[in-house]
Amino acid sequence: MNNQEVYVARQPIVDLNQELVGFELLFRPTATDSVQVDDDMLATSTVISNAFTEIGLDQVIGDVDGYINVDADFLLSDLIDALPPGQIVLELREQRIVDEATIERCHELRRHGYRVALDDFVGNFRGLDELLPAVDMVKIDFERIDSLLVPEIVKLLRPHSAKLIAQKIETPEQFAQAKALGIDLFQGFHFAKPQLLTAKRAKPAELALLRLLQLALDDSETHELELEFKRHPTLAVNLMRLVNSAASGLRQKITSLRHALVLLGRRRLKIWLQLLLYTADRGNRSLGSPLLQTAAVRGKLMELIAMKNASGQPVLQELAFMTGILSLMDVLLKLPLEEVLKQLNLAEPVQAALMRREGELGAMLTLTEQLEQEDRAGIATTLATLGNIGLADLAPLQLASYQWANELVEAQGD
């Protein structure tokens with residue numbers, strides 16, 4: 001296997017307020033439909049070498065926790081020393097921790113500051129009394145357990161000290177059940193892209209941002225944009241926080257709204273207005289929203305793919321970023337995408353990509369979605385249509401987009 005032929009996906013882990021607390025890292029050495037069991041050690045070693053040792057953990061997960069699937073062989077090896085103990089959770093499947101040596105190794109690693117999670121738990125109770133004292137967390141698999149049995153499993157686990165994580169939460173109903181059972185942490189596609197259940201009117205701040213974005217797209221005068229921001233001071237504050245993050249690329253701190261509008265320029269302003277939509281009506285930890293993280297990664301990844309695939313045409317890069325960011329607007333605003341797009345005078349290639357996944361932008365958006373969903377066969381098919389980008393290019397582009405999105409979160413501490 002070529003060590004560069006690896007791509008990394010990450011899935012958010014959130015708390016009760018749906019704020020980001022960690023990422024599970026999902027990696028594959030090839031774009032084929034399956035990974036052989038005997039590749040586990042090699043796959044884990046490859047992603048740690050490429051993503052952590054050579055590139056840096058901060059680019060992959062930022063300041064939150066990283067959850068990594070490891071097998072018993074890796075757990076018993078010295079390779080574990082490449083991982084920082086304070087930020088890493090080692091995930092093992094239940095059947096891999098049943099022997100005495102592995103359980104003892106879990107205890108040893110925990111004494112050194114690592115945390116161990118029991119992954120994909122479905123209620124196999126064999127050796128539970130020996131198993132649970134060796135782990136810090138248990139990830140309950142909501143996809144494979146009948147909803148009627150989940151309360152019994154939670155009841156069985158409660159006497160132990162392990163923290164419970166609701167895994168593979170795909171629907172609002174599963175999320176509601178997990179919360180009602182007192183589970184504190186959650187993971188699943190429900191948080192990366194919630195289902196659009198009912199349409200509703202967008203909130204005033206979101207409508208104001210749509211107006212601001214349209215003003216920017218129409219190249220309106222700066223004083224018009226400033227006047228609109230002044231009608232919504234909270235949005236102006238959020239803009240300042242975003243543009244003062246490391247991800248803005250600006251070398252000096254921006255101290256006023258007028259300063260921001262002048263120094264940013266229209267291209268950057270459009271970018272930050274799009275991101276600001278995801279923080280418009282949230283609290284102080286708005287930049288930790290998994291939806292913002294997903295949209296930011298999509299936008300940046302599509303921009304980098306466009307840069308790689310089209311000889312760096314600036315116009316296509318801007319359209320690619322916009323397509324990625326806006327691809328989750330229907331989820332954010334809880335409105336059909338057609339209604340959202342009616343409020344924005346977008347270029348036809350962007351509309352075609354968002355509505356029908358057509359054209360080059362549509363292929364790039366499809367690829368980003370396939371990477372999120374680990375659709376390995378789909379990834380290979382879409383890459384073939386893009387031409388100038390291959391599997392070996394994906395990991396560095398993904399990691400760069402993760403770093404950029406992580407830098408948005410760092411603005412919370414400023």
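Quick caveat: nothing in here was measured; it's all calculated off a predicted structure.
Aromatic rings from Trp404 and Phe321 are positioned such that their centres are separated by under 6.0 Å. Aromatic ring centroids of Tyr67 and Phe23 lie 6.0 Å or more apart.
What you find for Ile145 and Phe121 is that their closest heavy atoms are CD1-O, 3.5 Å. Scanning both residues, Leu92 and Val70, for their nearest heavy atoms gives CD2-O, 2.9 Å. Of all non-hydrogen atoms in Leu25 and Ile68, the two that sit nearest each other are CD1-CG1, 4.3 Å.
Under the 4.5 Å side-chain criterion, counting only non-hydrogen atoms from C-beta, Arg158 is in contact with Leu164.
Looking only at distances, a side-chain donor or acceptor of Asp146 sits under 3.5 Å from a matching main-chain atom of Leu148. With hydrogens and angles disregarded, no donor-acceptor distance shorter than 3.5 Å links the side chain of Arg376 to the backbone of Leu371. Between the Tyr402 side chain and the Gly62 main chain, no donor and acceptor come within less than 3.5 Å of each other. In this structure, Arg298 contributes its side chain and Leu328 its backbone to no donor-acceptor pair below 3.5 Å. In this structure, the side chain of Glu19 does not engage the main chain of Asp15 through any donor-acceptor pair within 3.5 Å. Side chain of Asp393 to backbone of Ile389: no donor-acceptor contact under 3.5 angstrom is found. Between the side chain of Arg357 and the backbone N or O of Leu354, at least one donor-acceptor pair lies under 3.5 Å. Within the 3.5 Å criterion, the main-chain N or O of Val64 finds a donor-acceptor partner in the side chain of Gln87. The main-chain N or O of Ile379 is never found under 3.5 Å from a side-chain atom of Thr382 such that the two would form a donor-acceptor pair.
Inspection of the Arg10 and Gln293 side chains reveals an N or O donor paired with an N or O acceptor under 3.5 Å. Between the side chains of Ser147 and Gln174, no donor N or O sits under 3.5 Å from an acceptor N or O.
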* **Stepwise salt bridge (Lys or Arg N to Asp or Glu O under 4.0 Å) test for Arg356 and Glu338** => CA-CA 11 Å; Arg356 301 180 296 277; Glu338 297 92 328; over 6 Å; no
* To do: Could you walk me through whether Arg144 and Asp120 pass the salt bridge (Lys or Arg N to Asp or Glu O under 4.0 Å) test, one step at a time?
  => CA-CA 9 Å; Arg144 295 166 56 199; Asp120 299 326; 5.1 Å; no
* Worked verdict on Ile140 versus Leu157 for side chain to side chain contact (heavy atoms under 4.5 Å, CB included) -> CA-CA 10 Å; Ile140 302 173; Leu157 295 171; 3.9 Å; yes
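Looking at Arg105 and Glu108, a side-chain N of the basic residue comes within less than 4.0 Å of a carboxylate O on the acidic one, giving a salt bridge. Salt-bridge formation is detected for the pair Glu104/Arg111: a Lys NZ or Arg NE/NH1/NH2 atom is positioned less than 4.0 Å from an Asp or Glu carboxylate oxygen.
Every residue two or more places apart in sequence or in another chain that forms a salt bridge (charged side-chain N to carboxylate O under 4.0 Å, His left out) with Lys139 is listed here: Glu24, Glu91.
In this structure, CD1 in Ile305 is found 7.0 Å from CG in Leu394, a value given to the nearest 0.5 Å.
Checking each of Gln11, Gln167, Lys168 against Gln187 for a side chain to side chain donor-acceptor pair (under 3.5 Å) leaves exactly one that passes, namely Gln11. The side chain to side chain contact (heavy atoms under 4.5 Å, CB included) with Leu90 is formed by just one residue from the set Asp136, Leu83, Val135; it is Leu83.
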